[in-house]
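Numbering of residues begins at 1 and proceeds along the displayed sequence. Each ligand, and each atom within it, is numbered from 1 in the order the structure gives.
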Amino acid sequence: MARSSTPAPTGGRARLDTPINFLKGIGPARAEILRKLGIITAGDLLWHVPRRYEDASTVRRIASLEPGMDATVIGRVISKGVIPTRKGLRIFQAVVRDESGIIEASWPGQPFLDRVIHKDDMLLLSGPVRFFHGRQLNPREYVNLGPDENPTSGGRVLSVYPATEGISFKILRSLIDTHLDALLPLVEEYLTDAVRASAGVVPLRDALRMVHRPSSIAEAERGRERLAFDELFFIQLLQRRANRIAREQRSGIHFENQRKLTSLLRENLPFTLTGAQVHAIREIVADMCSPRRMHRLLQGDVGSGKTIVALFAALLALENGYQSALMVPTELLAEQHHRTFTTLLGPLGIEPLLLTGSLDARVRRGVLARMARDEAVLVVGTHALFQEGARFANLGFVAIDEQHRFGVAQREAIAAKGDAPDTLLMSATPIPRSLALTMYGDLDVSTLDERPPGREPITTVSRAESARGRVFAFVRREIEAGRQAYIVYPVIDESEKTDLKAATVMFDQLSASVFADLRVALLHGRIAPEERDRVMRAFRDGDIDILIATTVIEVGIDVPNATVMLIEHPERFGLSQLHQLRGRVGRGADSAYCILLGDVGGESAERLSIFTNTDDGFDIARQDLRLRGMGDLFGQRQSGEATFRIADPIRDEALNITAHAEAERVLGEDPDLVSPEHAGIRKVLTARYARALELFRVG
Ligand code: ADP
Ligand code: MG
């Protein structure tokens with residue numbers, strides 16, 4: 001370690017890369033604790049920015065709190081203690097007071113807080129207020145400010161830092177405050193004037209001062225924006241560069257656009273392609289006809305017509321003498337696509353193959369034999385496509401529908417069945433393009449942002465519990481008119497912890513009472529796959545009137561005769577999930593309905609009103625991401641290195657768009673970042689991101 005050779009700053013000049021333990025007030029023990037926060041050098045301390053800010057306008061007076069509010073207060077602990085309950089749960093409670101009044105705060109199951117929260121401490125508390133023997137606050141978050149006098153009085157802004165066990169917020173704040181003035185002059189701007197001007201962000205030194213010692217919350221936000229931009233910009237630089245290198249290294253099949261089968265398909269389509277479909281097909285054809293291997297994401301809302309786009313690509317491979325495969329997550333979907341393709345390709349004299357686990361052995365052997373022969377076939381199938389027995393003689397193109405349903409290994413396994421086949425991943429959770437480029441690294445992205453014309457919007461309504469009888473009567477009328485309905489529940493079984501209605505219980509109940517005379521079936525994830533497919537087939541064939549289900553039905557299923565999607569406990573579903581569910585109806589010529597049933601109040605009602613008010617999947621995905629954060633939609637695996645400390649690519653979408661454009665521009669002018677003008681960017685990039693060393697290696 002080079003630690004011993006680093007000059008100690010005592011008497012001399014501190015540097016931003018000086019280990020933190022050389023700073024005044026930080027011994028080895030504290031340095032160890034700071035390390036847990038990622039603070040290793042003096043510079044890290046500067047970049048340890050507040051998580052949020054409070055001032056007199058954001059902190060409420062305790063006297064003004066009412067049940068139902070979500071509020072932040074600051075008060076002094078006047079009494080506290082641990083209270084046992086009958087069920088053995090131990091609750092830590094504290095009574096806090098500000099100049100207006102007192103309130104009880106309660107932390108169920110956290111008796112250990114008794115050791116860290118003391119009488120006379122000032123606490124910042126945020127959370128919902130409810131009525132429980134008087135007003136009570138249930139802190140979602142608390143910060144122990146120590147015995148500080150009112151930290152937000154007199155127009156002061158309180159910077160709330162992320163702390164950790166072993167170092168109090170108070171100490172952390174005072175450490176940063178103590179060293180700020182000495183460290184700021186050491187900070188050097190690394191963005192070029194051009195980049196800074198395009199992004200409209202403040203100089204770095206100002207930004208750091210603003211985030212740590214803001215004179216107003218608005219100023220703090222301006223500072224944060226600058227630092228957020230940097231993060232987005234650096235990630236975009238890495239992603240764009242990685243994308244370019246990956247493209248160059250991915251040699252693939254050099255297809256030729258012969259316009260034979262694809263033109264025939266176009267002439268025989270029963271509809272006209274949308275502009276977005278034409279554009280996406282063009283991007284895909286260009287990719288496939290380059291010597292590089294295609295690695296592309298096709299995203300588009302439910303019903304935007306992704307399947308047909310994939311079919312064009314498949315035919316391009318076929319007319320070049322290669323084989324194509326479309327992989328889907330369920331047998332039912334496979335059959336559905338296979339049927340559609342059979343109809344569309346009949347006039348072209350092409351007979352698509354179907355490969356699923358439940359084919360009878362003889363048929364299956366026949367399909368496998370044709371795949372193994374050097375015959376240009378199009379195969380639609382499930383996981384069965386990449387299992388051991390499946391061999392492709394000449395696989396040139398792979399499309400993966402509902403790609404999030406497959407793991408990375410599975411997606412790779414199907415691609416490995418060919419020699420560098422071009423691949424197209426399809427997703428029905430469209431996200432803003434700049435975000436897609438941030439999140440999906442070396443993928444290229446095509447987007448269908450237009451819907452085929454002539455679709456009637458689905459009528460979406462929210463109905464209170466008191467309307468249950470009327471809602472069921474409506475469902476019955478639809479069924480008597482010859483249609484079918486879905487009723488969806490959030491859970492399979494009842495549980496003691498919640499009082500949610502469950503699919504199994506409601507199936508027993510409804511099929512024995514209100515819908516006793518109708519054909520009702522049950523579908524959920526614990527039912528064996530073969531049985532699930534059997535039920536879905538029966539529903540598709542019209543042998544079932546009402547399908548009571550969990551979210552297993554959310555992907556791709558197309559039963560045009562189903563016109564009602566009734567969802568119970570809608571507050572338990574994410575917006576994108578609700579949107580997928582709604583997409584199961586409105587696929588035929590009849591008017592379709594999506595009904596959210598139940599008494600939903602407060603924030604959930606607000607969230608659901610986003611859903612009832614728009615049927616634009618992009619809008620919904622964006623709002624969903626905004627509300628739930630990125631974690632839910634992108635596991636660590638998909639997001640890879642693109643993790644953010646300061647920026648939030650959703651909330652900061654406008655910044656991210658600029659960051660993307662600037663990264664493209666800078667790399668367009670200077671792909672290796674070798675010009676002296678970009679020395680600053682290069683230095684910081686390689687210092688902060690391990691991957692940068694490899695991506696921007698020169699010479
Ligand atoms: P998704 O993008 O959800 O996978 P699909 O590919 O299943 O959507 O298409 C939904 C329906 O719209 C299908 O019945 C398909 O035949 C039809 N469709 C696709 N493109 C068009 C178009 N340009 N005009 C009219 N109907 C279309
Ligand atoms: Mg689809």
Nearest to [atom], what protein heavy atom do you find, and at what distance?
atom	result
atom 9 (O) of ligand 1	Gly305 CA, 3.6 Å
atom 15 (C) of ligand 1	Phe271 CE2, 4.4 Å
atom 2 (O) of ligand 1	Lys306 NZ, 2.8 Å
atom 12 (O) of ligand 1	Arg455 NH2, 2.5 Å

TODO: Answer with side chain, backbone, both or neither: which part of Thr307 has a heavy atom less than 4.0 angstrom from an atom of ligand 1?
DONE: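 Under 4.0 Å from ligand 1, Thr307 contributes backbone and side-chain atoms.
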
Task: Met426, portion touching ligand 1 at heavy-atom distance under 4.0 Å - done: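 No part of Met426 comes within reach of ligand 1.
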
TODO: Answer yes or no for Asp301: is there a heavy-atom contact with ligand 1 below 4.0 Å?
DONE: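 Right, Asp301 reaches ligand 1.
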
salt_bridge([X], [Y]) N-O dist < 4.0 Å:
X	Y	answer
Glu335	Arg537	yes
Arg296	Asp422	no
Arg483	Asp590	yes
Asp545	Arg519	yes

TODO: Give the minimum heavy-atom separation between Gly583 and Val302, together with the two atoms involved.
DONE: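 For Gly583 versus Val302, the nearest heavy atoms are CA-CG1, 3.8 Å.
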
Task: Sub-4.0 Å protein heavy atom near atom 21 (C) of ligand 1 - done: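 When distances to the protein are checked, atom 21 (C) of ligand 1 has a heavy atom within 4.0 Å.
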
List ligand 1 atoms under 4.0 Å from [X], heavy atoms only on the residue side.
X	result
Thr272	22 (C), 23 (N), 24 (N)
Thr274	23 (N)
Val302	3 (O)
Leu273	23 (N)
Pro452	20 (N), 21 (C), 22 (C), 24 (N), 25 (C), 26 (N), 27 (C)
Ser304	2 (O), 8 (O)

Open item on the list: Run the salt bridge (charged side-chain N to carboxylate O under 4.0 Å, His left out) test against Glu256 and tell me which residues pass, sequence neighbours left out.
Closed with: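 For Glu256, no residue satisfies salt bridge (charged side-chain N to carboxylate O under 4.0 Å, His left out) once neighbours in sequence are set aside.
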
- [ ] Decide if the gap between the ring center of Phe397 and the ring center of Phe255 is smaller than 6.0 angstrom.
- [x]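 Aromatic pair excluded; centres sit 6.0 Å or further apart.
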
Open item on the list: Which label fits Phe406 and His383: parallel for a plane angle under 30°, tilted from 30 to 60°, or perpendicular past 60°?
Closed with: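 Plane angle between 30° and 60°, so tilted.
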
TODO: Give the ring-plane orientation class for Phe539 versus Tyr486, where under 30° counts as parallel, over 60° as perpendicular and anything between as tilted.
DONE: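 If you compare the ring of Phe539 with that of Tyr486, the planes turn out tilted.
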
Open item on the list: Ring of Phe312, cation from Arg282 - is the NZ or CZ under 6.0 Å from the centre and inside 45° of the axis?
Closed with: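 Here Arg282 fails the 6.0 Å and 45° test against Phe312.
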
TODO: Kindly compute the distance separating OG1 (Thr340) from CG (Leu311), expressed to the nearest 0.5 Å.
DONE: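 It is 9.5 Å, given to the nearest 0.5 Å.
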
Under 3.5 Å, N or O to N or O, is [X] touching ligand 1 that way?
X	answer
Gly303	yes
Ile308	no
Asp558	no

